[in-house]
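Convention: sequence-line order gives letters A, B, ...; per-chain numbering from 1.
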Amino acid sequence: MLDPKLLRSDLDHVVAKLRIKNYELDVASFSQLEERRKSLQVDTQNLQGERNSRSKAIGTAKAKGEDIQPLLDEVAVLGDQLKAAEAELSELQDSLDDLLLGIPNVPDDSVPAGNSEDDNEEVLRWGEPPAFDFEPRDHIDLGQALGGMDFERAARLSGARFVTMTGSLVTLHRALIQFMLNQHILEHGYTETYTPYLVNEATLTGTGQLPKFKQDLFHIDSENHNLYLIPTAEVPVTNFVAGSIVEAEQMPLRFVAHTPCFRSEAGSYGKDTRGMIRQHQFEKVELVQVVKPGDSMAALEELTGHAETILQLLGLAYRKVVLCGGDLGFASTKTYDLEVWLPGQNTYREISSCSNMTDFQARRMKARWRNPKTGKPELVHTLNGSGLAVGRSLIAIMENYQRADGSIQIPDVLLPYMHGMTEIRV
RNA sequence: GGAGAGAUGGCUGAGAGGUCGAAAGCGCUCCCCUGCUAAGGGAGUAUACGUUAAUAGCGUAUCGAGGGUUCGAAUCCCUCUCUCUCCGCCA
């Protein structure tokens, strides 16, 4: 959520900023609601004040043993007026909140303009795409040939966009998770976390998935439960600090979590339908930081660097792009995508997305820290990034480390997790 | 699943229809005293919103959440959520 004060004091500026994100703020609706809210709130508070002072007078009169009936008669009409005013105000407040919850975060000044991923700006390329003296295969061919990856079986169990895996490929998948976790915990200073995979509406509202993006989520709506499957660990982990005040000396908080992620992928029909690129269920190692407001842009660079380190240690060629305004997520002010080279697709594909949400999520979650300079609680800044998406990492390893005979070489950093295996073959 | 108890400020914890945004203690901040250490005295110490030049005043709201009763609710009633204790079941 944006700062309502900012919207009131500098609306034109916010509108201009949001245009970079291709979002047109409904200024008329906002101004109208805001104006009515103001006058209605003043009226309501005046009525409340009157009721309070009169009730107090009744109290003191009663204590003195005076006849209070005349006072009661005076106050009789006040109740209904007040009730009506309060009802109207709360209704108005709700519409205003709905509007505010639907407005995206404003982009950082460094974010380039643009409409789609084609307008994203490349910041760097690392590594060389491998040169093969044979025609490289994609992970689907490789996985089927190796016998460990089966999309048809998964479709019988669940439907499209699922996979079953067996054997060494699963070991490799698990090795990737262990390697990433250990790197972030032992080398990058993150605290390992375990979280629920089902969360409530308040939690998803805190990070910004609700109310606007309900269609992207899997929803458990049963007699006794109203829960959603997490689309990313960002949701439960960032909400660790919801409603709390973090001590200054504890910051920055750095959390890493490995969780499954569930996405309905509504609206992506026909996109990436083959293979493991876009699934309803996938594993991700997620990085979350909670930092002091002044530190968040530096923290974004740092966090993105932590994700890059994983790619570098795995020896995977990648490029780093800054998302343009039109491609920027709802809650983000600035996002770096890391795109790994996939020989099977002959292109770079997103494997990590690292974002600075500034105080946008913190305001929704009421996540604050106590600023020693002011002694007051102030909103924290939150960041998150994939470090990395595990399923896509598996694909990347398979396609980049494939050999002419269809076997797959295990990258050195994963060897400690592979029970002595140095390659995967039929 | 059954029975019971509870939820109050940064923390502990009083308060049981009116003068309660809330006693007291702890913690924290400032000041005084005291030549170290320790101790003592005083003052202050929630958040949001509105009004405003203002972090000054003033007003409004907030005692788990949401409804209700009442002129007036932390206090009474209802619903929900969560926590604790005992029993049952269980990976």
Side-chain angles (χ1 to χ4, degrees), chain A residues 1-10 30-31 33-101 194-206 210 220-228 236 239-251 253 293 359 362-380:
Chain A
M1 194 156 79
L2 295 177
D3 187 353
K5 280 180 195 153
L6 191 69
L7 284 168
R8 283 173 216 148
S9 64
D10 207 0
F30 174 76
S31 307
L33 281 171
E34 178 58 22
E35 216 161 283
R36 279 191 60 213
R37 191 216 96 241
K38 219 176 222 178
S39 72
L40 203 53
Q41 182 164 345
V42 170
D43 292 350
T44 306
Q45 292 189 351
N46 285 341
L47 282 170
Q48 285 170 329
E50 194 169 339
R51 178 206 57 197
N52 288 349
S53 63
R54 289 191 185 233
S55 290
K56 209 168 252 184
I58 293 173
T60 44
K62 204 173 173 187
K64 288 184 200 154
E66 293 168 6
D67 180 18
I68 59 167
Q69 193 54 48
L71 293 171
L72 287 179
D73 294 341
E74 270 178 44
V75 93
V77 274
L78 210 57
D80 290 339
Q81 281 183 322
L82 185 57
K83 213 167 257 183
E86 279 175 344
E88 201 183 339
L89 180 61
S90 95
E91 200 177 310
L92 197 66
Q93 202 69 259
D94 286 348
S95 337
L96 204 51
D97 284 348
D98 284 350
L99 188 77
L100 286 172
L101 285 174
Y194 180 80
T195 82
Y197 304 153
L198 292 164
V199 294
N200 59 30
E201 284 183 3
T203 301
L204 284 154
T205 305
L210 288 181
I220 309 286
D221 185 10
S222 68
E223 197 181 334
N224 298 313
H225 300 285
N226 179 25
L227 294 167
Y228 296 80
N239 273 281
F240 277 16
V241 293
S244 69
I245 299 171
V246 183
E247 292 304 327
E249 58 269 23
Q250 293 179 316
M251 303 174 84
L253 295 174
D359 61 7
R363 187 171 292 106
R364 290 170 163 243
M365 297 190 300
K366 296 187 175 58
R368 295 171 298 177
W369 69 299
R370 197 171 289 280
N371 185 344
K373 280 187 189 146
T374 61
K376 300 275 182 198
E378 297 170 11
L379 294 171
V380 299

Please state the C1' separation for the pair B/rC33 and B/rA14 - nearest whole angstrom.
-> 33 Å
Map A/Lys56 and A/Gln45 onto RNA chain B by nearest heavy atom, then report which one ends up closer to the 5' terminus.
-> A/Lys56
To the nearest 0.5 angstrom, please state how far the CG atom of A/Asp94 sits from the CG atom of A/Leu33.
-> 11.0 Å
Taking the C1' atom of each, how far is B/rG59 from B/rA7, in whole Å?
-> 30 Å
Mind running side chain to side chain donor-acceptor pair (under 3.5 Å) on A/Asn52 and A/Ser55 for me, showing each step along the way?
-> CA-CA 5 Å; A/Asn52 288 349; A/Ser55 290; 5.8 Å; no
What's the verdict on side chain to side chain contact (heavy atoms under 4.5 Å, CB included) for A/Asp359 and A/Asp3, showing C-alpha distance, side-chain angles and the deciding distance?
-> CA-CA 9 Å; A/Asp359 61 7; A/Asp3 187 353; 5.5 Å; no
Once you round to the nearest 0.5 Å, how far does CG of A/Asp43 lie from CD of A/Gln48?
-> 11.0 Å
Give A/Lys83 one of three labels, base, sugar-phosphate or nothing, depending on what nucleic acid heavy atoms sit under 4.0 Å from its own.
-> sugar-phosphate
Looking only at atom P, what distance separates B/rU79 and B/rA91, rounded to whole Å?
-> 34 Å
Look at all strands and tell whether A/Lys38 reaches a base, only sugar-phosphate, or nothing, counting heavy atoms closer than 4.0 Å.
-> sugar-phosphate
From the 5' end of RNA chain B to its 3' end, which nucleotides mark the outer limits of contact with chain A, defined by a 4.0 Å heavy-atom distance cut-off (strictly under)?
-> B/rG18 to B/rG72
First of A/Glu50 and A/Lys62 reached from the 5' end of RNA chain B, by closest nucleotide | A/Lys62
Same-atom distance (P) from B/rU62 to B/rG66, integer angstrom | 9 Å
Going by an N to O cut-off under 4.0 Å, is there a salt bridge joining A/Glu74 and A/Arg54?
-> yes
Considering only atom P, compute the distance from B/rA16 to B/rC76 and round it to an integer number of Å.
-> 10 Å
Pairwise P distance for B/rG18 and B/rG72, with rounding to whole Å | 14 Å
At under 4.0 Å between heavy atoms, what does A/Arg368 touch on the DNA or RNA strands: base, sugar-phosphate, or nothing?
-> sugar-phosphate
Step through the shown structure and confirm whether more than 12 heavy atoms of other residues, nucleotides or ligands are within 6.0 Å of CD on A/Gln69.
-> yes
Checking all strands, does A/Asn52 fall into the base, sugar-phosphate, or nothing category for heavy-atom contacts under 4.0 angstrom?
-> sugar-phosphate
Side chain to side chain contact (heavy atoms under 4.5 Å, CB included) assessment of A/Tyr228 paired with A/Asn200 = CA-CA 6 Å; A/Tyr228 296 80; A/Asn200 59 30; over 6 Å; no
Carboxylate-amine/guanidinium proximity below 4.0 Å for A/Glu34 and A/Lys38 = no
List RNA chain B stems (3 or more consecutive Watson-Crick/G-U pairs, under 3.5 Å)?
-> B:1-7 with B:81-87, B:10-12 with B:24-26, B:27-32 with B:40-45, B:46-51 with B:57-62, B:64-68 with B:76-80
When you compare B/rG15 with B/rC30, how far apart are their C1' atoms, in angstrom units rounded to a whole number?
-> 30 Å
Expressed in whole Å, how much space separates the C1' atoms belonging to B/rG40 and B/rU83?
-> 41 Å
Identify which one of A/Arg36, A/Lys83, A/Gln93 satisfies the side chain to side chain donor-acceptor pair (under 3.5 Å) criterion when paired with A/Glu88.
-> A/Arg36
